[in-house]
Amino acid sequence: MAEKRNGLKGWSAPYVYFSSNWVSRAGVVMATTGAILWFILLPVILRGFTGAPYAGILTFIALPTIFFGGLILIPVGILLRKRREHQRGLYPANFPPLDWKNPQVRYLLFFVAVTTVANVIIGSQLVYSGVNYTDSVTFCGQTCHTVMQPEYVTYRLSPHARVPCVECHIGPGASWFVRYKLSGLYQVYATVFNTYPRPIPVPVTNLRPARQTCEQCHWPARFEGNRLVVIPEYAEDEPNTLTKTVLLMHVGGGDGRGGIHGAHVGPGITIRYGSDPSRQKIHWVQYTDTTTGKTTLFVDQTTNPKSVNPATGRVMDCVDCHNMPSHIFHLAGDAMNDAMARGIIPPSLPYVKKEGLALLEAKYPSQRQAAREISAGLLAFYRQKYPATFAQQRTQIAHAAKGLVTIYDDNVFPKMHVTWGTYPNNLGHTNFPGCFRCHGTLHEASNPANIVPIDCSVCHDVLAVGEAKPKILTELGLAGSP
Ligand code: HEC
Ligand code: HEC
Ligand code: HEC
Ligand code: HEC
Ligand code: HEC
């Protein structure tokens, strides 16, 4: 018994002795500083950093570095001093006695006990809140504001504005969490050293398969059968003539294979495809229906079916069509149609569509410069060409200018080299290839006459195209709505 206690004392006495060195002391100071800073920042931490991204960076990147750095320095100092004294032959034969009679030992044990308890509590708090903070929308969207500005701005305007970034970008479970935290470290590095690509490239190649994330909230069995889509369009003439396109989208779903969702994400369906890295040119598609066991290969004109290895393909999921569920970048014309239909840009102003479009699509070095030139340009147009309108509709013109600047700021980010059409939208076929990357483009390998269907009514009933007063809207009592 006595021997054992001696052994323990003999073992620890040198550490007590060697711990009086400047490296270890610096470590103690750093760990204490970290703890005190943490205590001072506690009110901000508890409030959750709303709108204070830099306090977040300080607390969750600087504080743990100081705190844990200090904790590491203490043993490093002990080891260094021990080695040095060994080398110089100064290693003492005897250490001061270690027992309760020695007040220094009592003091040290008390100190170690208290700091350990404090360190455990503070350390676990730092880690826990750090992990939570790096999951927050503030961290993802605002901390590195230039880099994430395009995604953050478009996210705030999307139907997912209240869905945290991590719900789609990480999703449930531990394995993707760890993968994203690791790649996140590299992204922080790229931002700090300014080596990130502009624009941020899409598609996101390491995005988690969407069915594991989106289906936490939406799943095909719950989708509606058909959906009426009304698309307003203002012409570039003097009265900005309004016409409407009306589609009945066969959204499909339910428990069957019907409609758009049933055909691609319905029960038992797996679609694999091969494409260029941008996923805008699709070369082959393998369509498998596990309930019938039927597999069909479709290829484009230039692909030799024998060269296709389906195992290398990407499994089609939600984001192959909904590639902009949350970061929705509009084209200038579409955004103007929408703003005019909602009265944000008054359609009563002559040629406002044509002039607005020209001002939006011009090149500007920054959003600030764009705001100045767009407003000045619109005012100048009415002052010179329509003096009467300029005199009578000053407020409408000011509203229109403000609406145009908002459209620009929501879609064009010169610093990130993001402009009209930088990010293609796959949900459609008029502005970008979208559905027609496969439909109407690929044919069955063993039966070239059979192409992936392109009949207009497969996806939607076209109820009206560019009509001033679509009959269907009158019948439904919707004629008045824009
Ligand atoms: C509703 C789901 C969803 C939410 C919420 C979401 N994202 Fe995304 N995000 C996506 C999808 C899907 C893509 C992939 C697009 C592709 O690969 O073509 C993407 C792509 C990105 C990209 C790559 C560039 C781009 O525009 O496609 C960045 C950066 C990004 N998201 C950041 C964020 C940040 C920051 C937030 C929170 C402020 C966020 N995302 C919230 C679904 C989401
Ligand atoms: C945490 C829950 C959540 C997740 C995860 C999520 N969404 Fe959503 N989604 C919502 C909510 C809430 C709305 C807005 C309510 C609405 O419009 O029905 C919405 C709206 C939508 C809409 C617009 C519906 C409409 O009416 O036009 C689409 C499309 C959509 N989500 C697709 C996706 C896709 C694709 C993903 C995966 C990349 C995804 N969502 C992930 C909750 C979620
Ligand atoms: C083949 C392309 C395609 C795929 C794959 C796809 N969607 Fe859709 N989705 C559409 C189209 C087209 C619409 C109708 C859009 C419109 O109303 O203009 C739609 C509509 C929706 C809507 C809104 C309508 C509703 O009934 O609530 C949601 C939500 C949605 N999709 C989620 C998903 C999710 C989640 C997945 C993956 C499981 C998915 N989609 C896969 C093409 C697709
Ligand atoms: C990656 C290729 C690909 C893309 C992209 C794609 N589809 Fe398909 N789609 C297919 C294939 C393959 C079939 C099955 C064709 C067959 O069985 O003959 C199919 C079938 C369908 C069907 C059922 C057709 C029928 O005969 O009942 C609908 C509806 C449909 N797609 C709508 C869409 C819409 C809408 C989009 C765009 C939002 C889209 N698809 C994008 C490959 C694709
Ligand atoms: C593979 C499915 C598919 C096929 C085939 C298809 N469409 Fe579409 N179409 C879509 C989708 C998806 C949209 C986008 C709906 C939305 O914007 O909500 C769309 C949108 C449109 C629009 C509105 C575009 C706009 O923004 O003004 C028109 C017009 C249209 N389609 C006409 C046609 C005609 C004509 C055909 C036959 C040659 C056809 N489509 C075939 C899926 C399809």
Side-chain angles (χ1 to χ4, degrees), residues 134-145 147-172 180 184 187 191 196-231 245 247-254 259-267 269 271 273 277-280 285 314-329 413 416 418 422-429 434-435 437-439 452 458-460:
T134 56
D135 273 2
S136 72
V137 170
T138 314
F139 178 81
C140 304
Q142 276 181 296
T143 307
C144 316
H145 47 197
V147 196
M148 283 299 129
Q149 197 197 11
E151 283 71 32
Y152 186 64
V153 168
T154 49
Y155 157 87
R156 294 292 292 237
L157 298 168
S158 82
H160 292 108
R162 295 187 177 179
V163 175
C165 319
V166 292
E167 295 280 336
C168 296
H169 283 279
I170 300 180
Y180 272 87
Q187 287 158 12
T191 309
Y196 53 85
R198 301 170 180 80
I200 304 276
V202 281
V204 180
T205 41
N206 60 353
L207 195 73
R208 183 171 188 173
R211 305 202 56 173
Q212 296 171 17
T213 52
C214 314
E215 290 190 22
Q216 299 294 317
C217 301
H218 319 271
W219 55 102
R222 298 287 305 154
F223 295 146
E224 57 194 81
N226 289 291
R227 174 188 244 213
L228 196 70
V229 175
V230 182
I231 306 168
T245 294
L247 305 170
L248 188 65
M249 298 298 306
H250 303 315
V251 175
I260 299 166
H261 287 116
H264 306 85
V265 290
I269 303 287
I271 301 180
Y273 71 82
S278 73
R279 296 191 197 145
Q280 290 299 300
V285 168
R314 171 181 156 81
V315 176
M316 186 177 189
D317 65 27
C318 320
V319 301
D320 287 301
C321 298
H322 297 281
N323 67 330
M324 284 189 185
S326 187
H327 316 293
I328 309 174
F329 295 87
F413 303 86
M416 286 303 293
V418 173
T422 298
Y423 293 117
N425 186 350
N426 293 336
L427 200 73
H429 53 79
C435 314
R437 290 172 297 164
C438 299
H439 287 263
V452 181
V458 165
C459 304
H460 45 55

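For ligands, and for the atoms within them, numbers begin at 1 and follow the listed sequence.
Protein heavy atom closest to atom 14 (C) of ligand 3, with residue, atom name and distance, is Val251 CG2, 3.9 Å. The protein non-hydrogen atom at the shortest distance from atom 35 (C) of ligand 1 is Cys140 O, 3.5 Å. Closest to atom 32 (C) of ligand 3, if we only count protein heavy atoms, is Phe223 CZ, 3.3 Å. In terms of protein heavy-atom proximity, atom 12 (C) of ligand 2 is closest to Val163 CG2, 4.6 Å. Here the heavy atom of the protein found nearest to atom 38 (C) of ligand 1 is Cys165 SG, 2.7 Å. Among all non-hydrogen protein atoms, the one lying nearest atom 26 (O) of ligand 3 is Glu224 CG, 3.2 Å. In this structure, the protein non-hydrogen atom closest to atom 15 (C) of ligand 3 is Leu427 CD2, 4.0 Å. In terms of protein heavy atoms, atom 34 (C) of ligand 2 is closest to Cys214 SG, 3.4 Å. Distance from atom 41 (C) of ligand 3 to its nearest protein heavy atom, with residue and atom name: His261 CD2, 3.4 Å.
Of the possible donor and acceptor atoms, one in the side chain of Arg208 sits under 3.5 Å from a partner among the backbone N and O of Ile170.
Using 4.0 Å as the threshold, Glu167 has a heavy atom nearer than that to some atom of ligand 2. At a 4.0 Å cut-off, not a single heavy atom of Asp320 sits close enough to ligand 3 to count as contact.
With atom 42 (C) of ligand 3 as the reference point, the heavy atom nearest to it among Val319, Ile260, Asp317 is part of Ile260. Around atom 3 (C) of ligand 3, the closest heavy atom drawn from Pro209, Ala221, Cys217, Cys321 belongs to Cys321. Counting heavy atoms only, Val202 comes closest to atom 27 (O) of ligand 1 of the residues Val202, Val137, Thr138. With distances taken over non-hydrogen atoms, the option nearest atom 36 (C) of ligand 3 out of Pro159, Ala263, Gly266, Cys318 is Cys318. The residue among Glu151, Met416, His327 with a heavy atom at the shortest distance from atom 31 (N) of ligand 1 is His327.
An N or O contact shorter than 3.5 Å links His160 to ligand 2 by distance. Remark: ligand 1 and Tyr152 share no N or O pair separated by less than 3.5 Å (distance only, no angle test). Residue-to-ligand polar distances keep His322 apart from ligand 2: every N/O pair is separated by 3.5 Å or more. For ligand 1, the polar-atom distance check against Leu207 finds no nitrogen or oxygen pair separated by under 3.5 Å.
When heavy-atom distances to ligand 1 are checked against a 4.0 Å cut-off, Val204 comes that close through both its backbone and its side chain. With a 4.0 Å heavy-atom cut-off, ligand 2 is reached by the side chain of His218 but not by its N, CA, C or O. With a heavy-atom cut-off of 4.0 Å, Pro203 touches ligand 1 through backbone and side chain alike. Neither the backbone nor the side chain of Ala210 has any atom closer than 4.0 Å to an atom of ligand 2 (non-hydrogen atoms only). By the criterion of a heavy-atom distance under 4.0 Å, the side chain of Arg227, and not its backbone, is placed next to ligand 2.
Relative ring orientation between Phe223 and His261 is described as tilted, the plane-to-plane angle lying within the 30° to 60° band.
Near Cys168, the atoms of ligand 1 lying under 4.0 angstrom from a non-hydrogen atom of the residue are 1 (C), 2 (C), 3 (C), 4 (C), 5 (C), 42 (C), 43 (C). Near Asn323, meaning under 4.0 Å from one of its heavy atoms, ligand 1 places the atoms 15 (C), 18 (O). Using a 4.0 Å cut-off to heavy atoms of Met148, the atoms of ligand 1 that qualify are 29 (C), 35 (C). Near Val229, the atoms of ligand 3 lying under 4.0 angstrom from a non-hydrogen atom of the residue are 17 (O), 18 (O). Ligand 2 places these atoms under 4.0 Å from at least one heavy atom of Thr213: 5 (C).
Within a 6.0 Å sphere centred on CZ of Arg222, other residues, nucleotides and ligands contribute 12 heavy atoms or fewer.
Note that atom 21 (C) of ligand 2 has protein non-hydrogen atoms nearby, at separations under 4.0 angstrom. Protein heavy atoms are absent from the space less than 4.0 angstrom from atom 18 (O) of ligand 2.
Note that the CD atom of Glu151 and the CE atom of Met416 stand 7.0 Å from one another [nearest 0.5 Å].
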Evaluate side chain to side chain donor-acceptor pair (under 3.5 Å) for Tyr423 paired with Asn323, printing each intermediate quantity in order. CA-CA 9 Å; Tyr423 293 117; Asn323 67 330; over 6 Å; no

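Here the N, O or S atom of His169 that is nearest to atom 8 (Fe) of ligand 1 is NE2.
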